[in-house]
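Reckoned from all heavy atoms, side chains included, excluding hydrogens, waters and symmetry mates. Just so you know, residue 1 is the first one in the sequence shown, and it goes up from there.
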Amino acid sequence: MKVSLGVGKVLISALFSRLASLTLRHPWALIVIPLLLTAVLAPGLRHMTIRDDIQEIYTPHGGRSRIEKELVSRHFPLNLSLNFDQSRALDFGMFGRAILTSRDGGSVLRSSEFQEIVELDRLIRNISFIQDGQTWRYQDVCVRNHGECFRNEVLDLQKRVSSFESKRSKFSYPIQFNNMTYDFIFYGTSLGGVMTDEDGKADSAESLALIYHLDSSSSFKSKLALRWEERFLELLENIHFEHTNVYRFSSLSLSKELENSTLLALSYFTVAVTIMFIFSVVTCLMADCVRSKPWLGICGNVSSLLAVSASLGLCLVCGVKFVSINLAIPFIMLGIGMDDAFVMLAAWRRTDPGLSLEARLRETYCHAGVSITITSLTNLTSFLVGMATPFSATNIFCTYTAVAVVFTYLYQITFFGGCFVLLARAEVANRNALTFRPSLPKSLSHHKGRLYRLLCTGGRNPRQPNHPEDNAEHFGMVFLRDKMGSFLSRPSVKAGGILIFVLYLSGGFYGCTRVKEGLEIHNLFTYHSYASEFSNIEYKYFVKYFYRIQVVVDQPLDYHRPEVQRNIDNLFLKIYSSPWIADSSLSENWLHYFRVFLNDKRAFFMCRQYNLTVKQDFLDCLRLKFLTFPPAKRFSRDIVFNENFTDIVASRFFVQSYDTIDSVRAKEMMTKLKRITDEAPFKTIAYNFFFVFLDTLDVVWDVTIQAVCISAVIMMLITFFFIPNFVCSLWVAFSIVSIEIGVLGYLTLWEVNLNPTLMVGLIMCIGFSVDNSAHIAYAFVSAKGKDSDERMRNALHYVGMPILQACISSVVGILVLADPPSYTYLVLFKTVLMIMSLSGIHGVFFLPILLSTFDKLLSRKDPLFSNKDSNKPAETVKMLSAEKENITIVPSA
């Protein structure tokens, strides 16, 4: 079988021609079958449980920090019931946290304020609840170290508060260290807003934080911890002190806030869908009450919602997890579905009313079918590519959306097609498009009143079918062809348009060079919520010493050898040189303290029998003497011996971050740390449990670029398969890249950081951007005309109105998020607004200019790129009516 370029277009045209005939014969069957399918699948929505485990869904699979967490956990397991140490924690765990500030803005280290702080601690420790018929308290659910519940050591300052008030004494900040016992208290995470003198001494603090870690080492203990957190949040919600403000948070808060944000967003999207319904109906109206199609707007939206219900139900029945961002899918599918509906309506309006109903339907389906199929395939492709990204949230969203795209396409050619045929029959029968009552043509209604002629007349005069009064075209379509098209045909306008395009791209490129990766946890909370207030206070006072970083040596080393010790010292000198790492005074280095111990007179007699230049003696002195010394016992958790204590197989050190005021700086800190440890002469890793989130920022740029490039290439191939014109296919691909550059660049200038939420938007952008580009490119190839400018005007006549309708409806719908409930939905609003605006501008302004200009230039030089004789739907149908096996397809385009 010999197949020429554009075979996809020919085959799809033939299939849609036959589908038109089938739909005409059996419209009700094509309506009822999708309804039954939805009735079967939609009950799956009952299984919907929103899963918003932030660590699981917003961090990359196979991310470096996830792998390193497993390694650290294997070497240094933490028993929450026996040896919990806050600085050695491997994950968030379950907890309750309170931050207190003075109501007058002064220090909390005053008697009146500190008395309330101590009282709050007492109330929290006395929280009780009943579970399984038994009363449980904090001491039953707390983590323990050496049998005691974790306690906030900052409360020990109570006995010195009066001396702080009178300025008689000060304390060392951020760490108070005892050189005799090696004991220390780190105040960096419990006191904020501290001003120190030149000696690092302070006597006041603007805020104080209390934390209560909970034991979640078993499912039962996790259940108890969850109940305690609920009571903790209730207690602090109802506490009002005279001198202090209390801010609360717990490990439960994030999921609760995401749930609240989801419920708020659901109400917003309900309003958006209602607006889109209204807009769809209004834009389908005409002055001709017969050719008007208000019910078509409703049918298009209903078709999309039925498709979404069925697709979501199917995915949920199949066990695909559900995330909150999936609630945007109905909105997206309404945009895609109505885009298809508008294209079909525009194709119908272009047909000759003098043809038979079947001929008009076949011509409509042939014109619209290819366009709809191209955009559905490209939308599907973009989401399939998104499924390959390493983020669970993106995977899940794209999985649901890809299935929804397939269902929407099928429902558009079945359910919506059946409705379209019924409405087309009403038009052919000259019935009112709203009430379906018989109507008079305008040319026969001069004896009627003005209001009647305005609202109740339309259709064709059977005596004078071509009467100009009865055959007025849609105002928008005429305007785009005659006014807009003529305007864009002027050489000066084309030159100006290309100049504007160049300036637009320049601005987009500039914005892309200033892209910042950033995802602040507090941006996930709804505005003005207790979690948001807590997070703002935390970021104000406690970011200076936020990350306690574990530096793990993951290979056996001969620590007794001087060169090994020098290598370790050099490693930490490089780490301390980082601007985001505090100096050695805030670190924990067992090797350093072991050497201090050996030089201490008190240890001289303890280790004098050991020859420390011999490996085994060094290890025995370390294990039997130093690690049994009370102040050094904590280091026993940082050294892993082999079974017979002849080697150290892994060891751990700690450094402290400094002044990482946001996720961008934190990511830079992590990147530099990992670069330093990678360059070490032994296998070393740097780990903090927040690094799994910073990994997201480390890979999101590369993943986004990869997804966009792969999608653009695949979509160019799809377009090239359907549109037999190299230049058009090239410009479609270029439009995708252009719109992506514009969206990313101008959103960056609009203060939107690149993160998984925006990445979902950019993947969405690929599908939406190709929709309008493919519509106008296909219309340009198929349009009749003696030259490129005339074909461009006809292309605007064919699909300009559907492009504007689809873009404006989405923009109007998303305007409800102009005052969003949270930053996440603000990003969604900005992204959709930017995508649809740039997509519409490309579709009706930039791309028509570029297509007509370059087609004209290239056709003068090389006939290979010329496409003056476009495909005719009737000819296409004839060519594909042959069903012989050895068919030769050579489209006239």
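- More than 12 heavy atoms of other residues, nucleotides or ligands lie within 6.0 Å of CG in Asn126, so this atom counts as buried by the packing criterion.
- Counting only N and O atoms by type, the side chains of Ser172 and Lys201 include a donor and acceptor under 3.5 Å apart.
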* For Glu588 and Arg548, run salt bridge (Lys or Arg N to Asp or Glu O under 4.0 Å): C-alpha distance rounded to whole Å, both residues' side-chain angles, the deciding distance at 0.1 Å, then the answer. => CA-CA 10 Å; Glu588 286 186 79; Arg548 190 69 171 168; 3.1 Å; yes

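- Scanning all heavy atoms of the two residues, the minimum distance from Tyr658 to Ile581 falls at CB-C, 4.1 Å.
- Cation-pi contact between Arg665 and Phe546: absent, since separation from the ring centre below 6.0 Å together with deviation from the ring axis within 45° is not met.
- The shortest non-hydrogen separation linking Ser217 to Ser81 is OG-OG, 4.1 Å.
- In this structure, the side chain of Ser535 does not engage the main chain of Ala531 through any donor-acceptor pair within 3.5 Å.
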* Asked: What do the steps show when you test Asp554 against Leu71 for side-chain contact (heavy atoms from CB on, under 4.5 Å), and what is the final call?
  -> CA-CA 9 Å; Asp554 183 32; Leu71 185 149; 2.9 Å; yes

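- Side-chain N or O atoms of Ser657 include one that pairs as donor or acceptor with a backbone N or O of Tyr547 at under 3.5 Å.
- In terms of heavy atoms, Ala98 sits closest to Leu236 at CB-CD2, 3.6 Å.
- Within 6.0 Å of atom CD in Gln134, more than 12 heavy atoms from other residues, nucleotides or ligands are found, so the atom counts as buried in its surroundings.
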* Run the ring pair (Phe, Tyr, Trp, His ring centres under 6.0 Å) check on Trp228 and Tyr138 step by step: do they pass? -> CA-CA 8 Å; Trp228 188 91; Tyr138 175 69; 5.5 Å; yes

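- The closest side-chain donor-acceptor pair between Ser587 and Tyr576 falls under 3.5 angstrom.
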* To do: Show the numbers, then the answer: is there a side-chain contact (heavy atoms from CB on, under 4.5 Å) between Ile685 and Val72?
  => CA-CA 9 Å; Ile685 62 173; Val72 177; 3.7 Å; yes

* To do: Would you sort out whether Phe542 and Thr189 count as a side-chain contact (heavy atoms from CB on, under 4.5 Å), showing the intermediate values?
  => CA-CA 6 Å; Phe542 294 100; Thr189 56; 5.6 Å; no

* To do: Given salt bridge (Lys or Arg N to Asp or Glu O under 4.0 Å), test Lys167 with Asp203 step by step and report yes or no.
  => CA-CA 7 Å; Lys167 306 297 181 181; Asp203 57 16; 3.4 Å; yes

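- With respect to Arg151 and Asp121, no salt bridge is recorded, no charged nitrogen being found less than 4.0 Å from a carboxylate O.
- Other residues, nucleotides and ligands contribute only 12 or fewer heavy atoms inside 6.0 Å of the CE atom of Met195.
- Although no hydrogens or angles enter the test, the distance criterion places no donor-acceptor pair under 3.5 Å between the side chain of Lys516 and the main chain of Val664.
- Side-chain atoms of Ser529 come within 3.5 Å of backbone N or O of Thr526 as a donor-acceptor pair.
- By the 4.0 Å N-to-carboxylate-O rule, Asp85 lies too far from Arg634 to be salt-bridged with it.
- Between the side chain of Ser107 and the backbone N or O of Glu206 there is no donor-acceptor pair closer than 3.5 Å.
- Contact detail for Asn152 and Ala209: the closest heavy-atom pair is OD1-O, 4.4 Å.
- Nearest heavy atoms, Phe114 versus Leu155: CE2-O, 3.9 Å.
- Not one N or O on the side chain of Gln131 forms a donor-acceptor pair closer than 3.5 Å with the backbone of Arg227.
- Contact check on Glu230 versus Lys256 returns no salt bridge, with no Lys/Arg side-chain nitrogen under 4.0 Å from an Asp/Glu carboxylate oxygen.
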* **Working for side-chain contact (heavy atoms from CB on, under 4.5 Å), residues Thr135 and Ile130** => CA-CA 4 Å; Thr135 300; Ile130 297 176; 4.0 Å; yes

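- Under a cutoff of 6.0 Å and an axis angle of 45°, Arg652 and Phe76 form a cation-pi pair.
- Looking at every heavy atom in both residues, Ser65 comes nearest to Asp695 through N-OD2, 2.7 Å.
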* To do: Step by step, work out the salt bridge (Lys or Arg N to Asp or Glu O under 4.0 Å) result for Lys674 and Glu68.
  => CA-CA 11 Å; Lys674 290 185 181 296; Glu68 291 175 345; 2.8 Å; yes

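- When ring centroids are compared, Phe626 and Tyr593 stay outside the 6.0 Å threshold.
- Aromatic ring centroids of Phe92 and Phe690 lie under 6.0 Å apart.
- Heavy atoms of other residues, nucleotides or ligands lying less than 6.0 angstrom from NZ of Lys170 number more than 12.
- For CD of Gln115, the number of neighbouring non-hydrogen atoms (other residues, nucleotides, ligands) closer than 6.0 Å is 12 at most.
- Checked against the 6.0 Å centroid criterion, the rings of Tyr212 and Phe95 do not qualify as a close aromatic pair.
- Note: Arg88 CZ to Leu78 CG = 9.5 Å, rounded to the nearest 0.5 Å.
- If you check the side chains of Ser169 and Ser163, you find a donor sitting under 3.5 Å from an acceptor.
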